[in-house]
Trainee: 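Input: one structure, supplied below.
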2 protein chains.
Amino acid sequence: MQGAIFPGQAQWAETDAEERHRLMDAKVTIKEIARYAGVGTTTVSRVLNNHPYVSDEKRRRVEQAIAALHYRPSQTARHLRGGSSGLLGFLTDDVATTPYAVDIIRGAQDVAWAHHMVLLVADTGGNSRFAEAAVDVFRERAVEGIVYAAMYHRPVRLPAGLDGLPTVLANCFLEDRSAPSVVPDEVYGGYHATKAALDAGHRRIGFINLWEETEGVTPPFPAIYGRLRGYQQALEDHGQAYEDALVRFSNQTPRENYRHTRELMALPAPPTAIFCGNDKVAMNCFSALAELGLDVPGDVAVIGYDNIAHIAEGLLPQLTTMQLPHYEMGKWAVQYLIENQGRTMEPVQMALPCPLVARESV
Amino acid sequence: MQGAIFPGQAQWAETDAEERHRLMDAKVTIKEIARYAGVGTTTVSRVLNNHPYVSDEKRRRVEQAIAALHYRPSQTARHLRGGSSGLLGFLTDDVATTPYAVDIIRGAQDVAWAHHMVLLVADTGGNSRFAEAAVDVFRERAVEGIVYAAMYHRPVRLPAGLDGLPTVLANCFLEDRSAPSVVPDEVYGGYHATKAALDAGHRRIGFINLWEETEGVTPPFPAIYGRLRGYQQALEDHGQAYEDALVRFSNQTPRENYRHTRELMALPAPPTAIFCGNDKVAMNCFSALAELGLDVPGDVAVIGYDNIAHIAEGLLPQLTTMQLPHYEMGKWAVQYLIENQGRTMEPVQMALPCPLVARESV
DNA sequence: GCTGTTTATGGTAACGTTGCCAGATTCTTG
DNA sequence: CAAGAATCTGGCAACGTTACCATAAACAGC
């Protein structure tokens, strides 16, 4: 790069720098810094950790040596010596289900990073044997805590082997509430979605709620029951009577979502607004309304849930929907973990609001 | 657990076990195992690492001690001693853009895990200062390699400070191709999408390609040019003439996507199939066709790209689309990293096929 | 029965770092 | 100016692990 006196020299200097680089980048230790700067290792350590009692002269020399040799302290040695590992485990059952659930990771990471900690992530793919193996690995690496995240809001069971490891659940919870958790406030979401329709002047508000059965049993999904309660509460607060006919439960296949919309609109007194259990339902709802020649939001307002950007921003008109606090849950989980380091954690059950994202469909 | 001679002893043993557990889970070392089993630390180490020259008797005693004290070797100490860190860095510019890009992480993780390695992930949020800080942290933790992933296929520039660290790019590449990379084969995707329409008997095939400009300049996105080339090639192979009027470029806003569909269908000889640059385009294309009273796939076939499950499976009819090999890219990147440990890596430029996912829209 | 190999075992150093201690120098203060 | 405090400084041990070395016993072959 720099000007060279003559070719041979330039070439030599270049390979030398390269060689040195290769050798050094591998392992520059505090000892070499000490030797290079002509001080003891302790002094170097003191400079690194901003301890007092180092003369300006030596501090300068050490800093220079560090820069010259591209020294980086070994986190491994620090940890072994007695420091913290600075590692947090992020365990998730299945990332793929809800795409924007990645935001949980981002939220967790941002807080961790601010505390000079790093995230070790493992996706178990729903395999509990794998989950236990992951916990084992986390333990071997001395993580200081674990965030267990589910990709949709539901009760979970923790993998074995977590005893004694501070664990916070995000977007899920234990049936017995014995561990701290942070989840979306579904009642709040249902309430404000309905309120948005009411505030826009709508009085008959349909609700295509979610529904799911495994072997005839409906798991206690808060999304289903919470949003319904919020819906009812909002109606009540606005003096509107609750009407069974306006509430439907869809197993979320496109055809079912479509059918429920059609049946809702075939009512003697059809709704002028439809609150959909999620954005996919809203998408199919749009199709059905379009086929009926109805305009959104002119004839019927539609509100979704989840704020899946690809759908909500991609639809025509763009979808007004409820935001799941994924990012915030990730943040909260790690925050709580870090705040309570050392202490035993209270099993706080935190619910974060799902704010309305107003677009064009109301 | 074992039978007790008299109650007092049992009780003592119990609390003792609990107490011991609390204290030990914190840190059981190889030394304590050795003392408990009445052997030397070396012997314990030999058992742990399946080395020969340990009598069955002592091996049994050591294994028992390990189980009794819930011992786990410290990866930190192993690493310091000279072992590998077993850490891989996963650096990404922005996870949020394409939701299913998380599959890159899953793919990377699965391979890493199979090699007893763990993924350290950092999302830079597109901030290059943060990216460099992340590289620094990765270095301090002695990661053995880095996967740099972009969330849509494009040229990138690596953060500073990666010199000497084996790096593989996933879903992105360097302009000068100086580092190995793995990306989707866009030409292949464009070719097979078009071929699917041709094979279904279609002869006039519209193409709503993607387009993007920043300050009047279109970055060299392979998605745009590659798919177009594939489209052209497929037509040629089937003896169909390429027609400029059938190819459009959309900046991907819902309204533009809609407009392009309408204009395509307003042609003197409108297409009987439309290949969309991605699933969002296809979604808007569906709306436009529905409004025209056209049936999919009866009147017009539609093919998407990306296979965003929420859209592709949520539409009516379900969308036939091209799968981006996210999971496979993650796998390939880590595989390549691990295979070439120690060696200097050839800057292989790998392109993985985008297979057709046949659903109902063709 | 003597050499040479195979098997079994534990002690010790080293990995890179920092806390503790001890020694040396300078600065206060009565 | 003597005694104590504050400021510098480096040596050494220890964190938990494994490679290397040394020692010892058992076993083979002639």
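These numbers come from a predicted model, not from an experiment. Order of the sequence lines sets the chain letters (A, B, ...), proteins ahead of strands, with each chain counted from 1. Note that these values count all heavy atoms, side chains included, but never hydrogens, waters or copies made by symmetry.
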Trainee: In whole angstrom, what separates B/Lys31's NZ from C/dG10's C1'?
Mentor: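 So the two atoms are 14 Å apart, to the nearest Å.
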
Trainee: Could you check A/Val54 against B/Ala77 and say which one's nearest nucleotide on DNA chain D is further toward the 5' end?
Mentor: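 The residue mapped nearer the 5' terminus is A/Val54.
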
Trainee: Could you list the residues that satisfy ring pair (Phe, Tyr, Trp, His ring centres under 6.0 Å) with A/Tyr336, not counting sequence neighbours?
Mentor: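 Residues passing ring pair (Phe, Tyr, Trp, His ring centres under 6.0 Å) with A/Tyr336: A/Trp332.
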
Trainee: Protein-nucleotides 3-7 of chain D N/O pairs closer than 3.5 Å?
Mentor:
unit_1: D/dT7; atom_1: OP2; unit_2: A/Tyr53; atom_2: OH; d: 3.2

Trainee: Do any N or O atoms from the side chain of A/Arg72 and from the backbone of A/Thr29 form a donor-acceptor pair under 3.5 angstrom?
Mentor: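 Answer holds: no.
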
Trainee: When you measure from every atom of DNA chain C, which of residues 37-46 of chain A have a heavy atom less than 4.0 Å away?
Mentor: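 The answer is A/Thr42, A/Ser45.
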
Trainee: Can you list the residues that meet the side chain to side chain donor-acceptor pair (under 3.5 Å) rule with B/Glu132, with sequence neighbours excluded?
Mentor: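 Scan of B/Glu132 (side chain to side chain donor-acceptor pair (under 3.5 Å), adjacent residues dropped) gives none.
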
Trainee: To the nearest angstrom, how far is B/Arg72 atom CZ from D/dC15 atom P?
Mentor: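 Rounding to the nearest Å, CZ of B/Arg72 and P of D/dC15 are 21 Å apart.
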
Trainee: Without decimals, in angstroms, what is the distance between B/Arg35 CZ and C/dG11 C1'?
Mentor: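 Going from B/Arg35 (CZ) to C/dG11 (C1'), I get 17 Å.
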
Trainee: Rounded to whole Å, please give me the gap between CD1 in B/Ile30 and C1' in D/dA14.
Mentor: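 Result: 16 Å.
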
Trainee: Quick one: B/Asn50 CG to D/dT17 C1', roughly how many Å, whole number?
Mentor: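 Computing the B/Asn50:CG to D/dT17:C1' distance gives 16 Å.
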
Trainee: Does A/Pro52 reach a base, just sugar-phosphate, or nothing at all? Heavy atoms under 4.0 Å.
Mentor: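 Nothing: the residue A/Pro52, judged by heavy atoms under 4.0 Å, touches no strand.
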
Trainee: Roughly how many Å is it from CD in A/Gln75 to C1' in D/dC15, rounded to a whole number?
Mentor: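 So the CD-C1' distance, A/Gln75 to D/dC15, works out to 14 Å.
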
Trainee: Given Watson-Crick or G-U pairs with both distances under 3.5 Å, what dot-bracket string fits DNA chain C, with | for other-strand pairs and [ ] for crossing?
Mentor: ||||||||||||||||||||||||||||||

Trainee: Which residue pairs pass the ring-ring contact (aromatic ring centres under 6.0 Å, His included) test when at least one of the two sits in residues 120-139 of chain A, sequence neighbours left out?
Mentor: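 Output for this query lists A/Phe130-B/Trp113.
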
Trainee: Over how many whole Å does the gap from B/His79 atom NE2 to D/dC15 atom P extend?
Mentor: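 The answer, rounded to whole Å, is 20 Å.
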
Trainee: Take atom CD1 of B/Ile66 and atom P of D/dG16, then tell me their distance rounded to the nearest Å.
Mentor: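 Taking CD1 of B/Ile66 and P of D/dG16, I get 16 Å after rounding.
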
Trainee: Checking B/Arg141 now: which residues fulfil salt bridge (Lys or Arg N to Asp or Glu O under 4.0 Å) with it, not counting sequence neighbours?
Mentor: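 Per chain and number, B/Arg141 pairs via salt bridge (Lys or Arg N to Asp or Glu O under 4.0 Å) with no residue.
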
Trainee: For residues 170-178 of chain B, which side-chain donor-acceptor pairs fall under 3.5 Å, sequence neighbours excluded?
Mentor:
unit_1: B/Asn171; atom_1: ND2; unit_2: B/Ala150; atom_2: O; d: 3.1
unit_1: B/Asp176; atom_1: OD1; unit_2: B/Ser178; atom_2: N; d: 3.0
unit_1: B/Asp176; atom_1: OD1; unit_2: B/Ser178; atom_2: OG; d: 2.8
unit_1: B/Asp176; atom_1: OD2; unit_2: B/Ser178; atom_2: OG; d: 3.4
unit_1: B/Arg177; atom_1: NH1; unit_2: B/Gln349; atom_2: OE1; d: 3.3

Trainee: With a cut-off of less than 4.0 Å, is there a side-chain N or O of B/Lys58 near OP1 or OP2 of C/dG10?
Mentor: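 Affirmative; the distance criterion is met.
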
Trainee: For A/Thr43, what residues pass the side chain to side chain donor-acceptor pair (under 3.5 Å) criterion, not counting sequence neighbours?
Mentor: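 By the side chain to side chain donor-acceptor pair (under 3.5 Å) rule, A/Thr43 matches no residue at all.
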
Trainee: Side chains of B/Leu80 and A/Arg78, heavy atoms from C-beta outward: is any pair under 4.5 Å?
Mentor: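 No. Closest side-chain heavy atoms not under 4.5 Å.
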
Trainee: Who passes side chain to side chain donor-acceptor pair (under 3.5 Å) against A/Thr41, sequence neighbours left out?
Mentor: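 A/Thr41 satisfies side chain to side chain donor-acceptor pair (under 3.5 Å) with no residue once adjacent residues are dropped.
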
Trainee: Can you name the salt bridge (Lys or Arg N to Asp or Glu O under 4.0 Å) partners of A/Arg59, sequence neighbours left out?
Mentor: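 By the salt bridge (Lys or Arg N to Asp or Glu O under 4.0 Å) rule, A/Arg59 matches no residue at all.
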
Trainee: My understanding is that only residues two or more places apart in sequence, or in another chain, count here; which of them pass side chain to side chain donor-acceptor pair (under 3.5 Å) with B/Arg46?
Mentor: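 Partners of B/Arg46 under the side chain to side chain donor-acceptor pair (under 3.5 Å) test: none.
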
